[in-house]
Every structure is written in structure tokens, then in C-alpha cells.
Amino acid sequence: AQSVTQLDSQVPVFEEAPVELRCNYSSSVSVYLFWYVQYPNQGLQLLLKYLSGSTLVKGINGFEAEFNKSQTSFHLRKPSVHISDTAEYFCAVSVRGSRLTFGEGTQLTVNP
Amino acid sequence: ETGVTQTPRHLVMGMTNKKSLKCEQHLGHNAMYWYKQSAKKPLELMFVYNFKEQTENNSVPSRFSPECPNSSHLFLHLHTLQPEDSALYLCASSQDHLAGGRGETQYFGPGTRLLVL
């Protein structure tokens, strides 16, 4: 069975600073990887996903993530964050024929 | 309306009450899901429906009773809940019930914040 670990439960940063949210997964087969974002008082929405092909995936709102098979990671990055990026971010993994497995989430707080 | 809607957005109920949560999706999807989101825990998948048929029940207590009359509507009937059932209940939909396994996206509603007193 697959699993996903988000290494940081909380990440505080200042506005316009770069940020990286870390995600590691475990699976013995090929995976699909996702990042979802949950803004306050809202449901989750897809930021980006990796299915195959280029390991660098670009998503909405200037976010990108890189799939690293050897390190079984799918870290999320943004070069310059805004106050409006304050939200909870969830990494998720699935394998063919299975459901999504979500991580515990990382709360990103952007301070002025 | 577009996307996935949920009502009510907030609900306070006593342990002896009976209430229902409603979810509606306007995306033409075939699969719908109920998740429970508690603080500091991963999302817990509760139920999955595909073409109105329940395909998954993750050992959810019987005080939670789902209903899916058609592919666009999903209900969660609640009765004799416990305080530990207080959480955010999220509904989601996707084209197929194995959405993640084919790389498809799940679309989430805003959730119902439930408080059980």
C-alpha cells in the first residue's frame, strides 16, 4: 500500500520569500502525485499533479513541484509567496487502480 | 451553481439529534465521496459511491448513514453522534470512483463544519 509523509506540519515565512513544502511517499509501483490547497473555510482544490513525463510540474498561482523518483519525493515550491498563499497544503499519492492517500497537511503562514 | 456545493455550512447538534448533510455536484461526474477532516489528522475517506452504488465503506460507525439517490446528490444522515464526531465533513466528486488511480482530479465542496455537543 502507498503512503505519504509531509515532513513539516507548519511553515511560517515572510511575504516575498521563497518556500518549499516537503512531501515524501512510499510505494513499490509507479505513482501519481498531487498537491491540493485548502484556503480558510473552503474545500480542497487541485494545485498541480504529476502523472508522467517531465518531472517538473507547474501549477496554479505560481507553484511548481518536482518529482524525484530516486528520493521518492514531490516537494512543492514557490519562488516568492504572497499573504494570500496562507493555507493548508496537502500532498496525495495514488497508484493505478487505487484511491488517493492524503498526507497530514502543511500549514503555510505568510507573514507581512 | 457550479462545482460542488454543500449545505449547511455549519451545524451544531446535540447527541440525541438527527440531522442530514447535503452535497450536490454540477460537474456531470459519476463518483461521489464523503471525507472527514479532523484537526492534525489526514483526511479520512468515509464512503464512496459510483453510479449511485456504494463501493466503499471504511468501517464507518452506523450512526453515519449515507444516501445517494442519483449521481449528482449525496447525503450523510447523522444520528446519536458523539462529541468526537465534531469535524469538517467534505464531499468530493470525480469522473470515476478510482479517480486517483487514473490520475484524475477530485473536486471538493467547501465542507460542513459540524459541532456535536
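Residue numbers begin at 1 in each chain, while the letters A, B, ... track the order of the sequences.
- Taken from CD in B:Q106 to OH in A:Y36, the straight-line distance is 5.5 Å, to the nearest 0.5 Å.
- Below 4.5 Å, heavy atoms of chain A meet heavy atoms from B:L88, all part of residues 66-88 of chain B.
- Residues A:F34 and B:V4 do not share a hydrophobic cluster, defined by chaining ILVMFWY side chains whose heavy atoms lie under 4.5 Å apart.
- By the 4.5 Å heavy-atom criterion applied to side chains, A:F90 and B:Q37 are counted as neighbours.
- Taking CZ of A:F102 as the reference point, atom CG of B:L45 lies at 9.0 Å (rounded to 0.5 Å).
- Contacts between residues 5-25 of chain A and chain B, counted as heavy-atom pairs separated by less than 4.5 Å, involve A:Q10.
- Heavy-atom distances place no part of B:R113 under 4.5 Å from chain A, backbone and side chain included.
- In the hydrophobic cluster analysis, where Ile, Leu, Val, Met, Phe, Trp and Tyr join through side-chain heavy atoms closer than 4.5 angstrom, B:L21 is grouped together with B:M32.
- Residues from residues 38-69 of chain A that place a non-hydrogen atom less than 4.5 Å from a non-hydrogen atom of chain B comprise A:Q38, A:N41, A:Q42, A:G43, A:L44, A:L46, A:K49, A:L51, given in numerical order.
- No chain of hydrophobic side-chain contacts below 4.5 Å, direct or via other Ile, Leu, Val, Met, Phe, Trp or Tyr residues, connects B:V12 to B:F64.
- Of the atoms belonging to B:V48, it is side-chain heavy atoms, and not backbone ones, that fall under 4.5 Å from chain A.
- A 4.5 Å side-chain heavy-atom check between A:E104 and B:L43 finds every atom pair outside the cut-off.
- Under a hydrophobic clustering in which Ile, Leu, Val, Met, Phe, Trp and Tyr are joined whenever their side-chain heavy atoms come within less than 4.5 Å, directly or via other members, B:L11 and B:W34 fall into the same cluster.
- Note: the hydrophobic cluster containing B:Y49 does not contain B:Y33 (ILVMFWY, side chain heavy atoms under 4.5 Å, direct or indirect links).
- Not counting sequence neighbours, A:H75 has no partner by the ring-ring contact (aromatic ring centres under 6.0 Å, His included) test.
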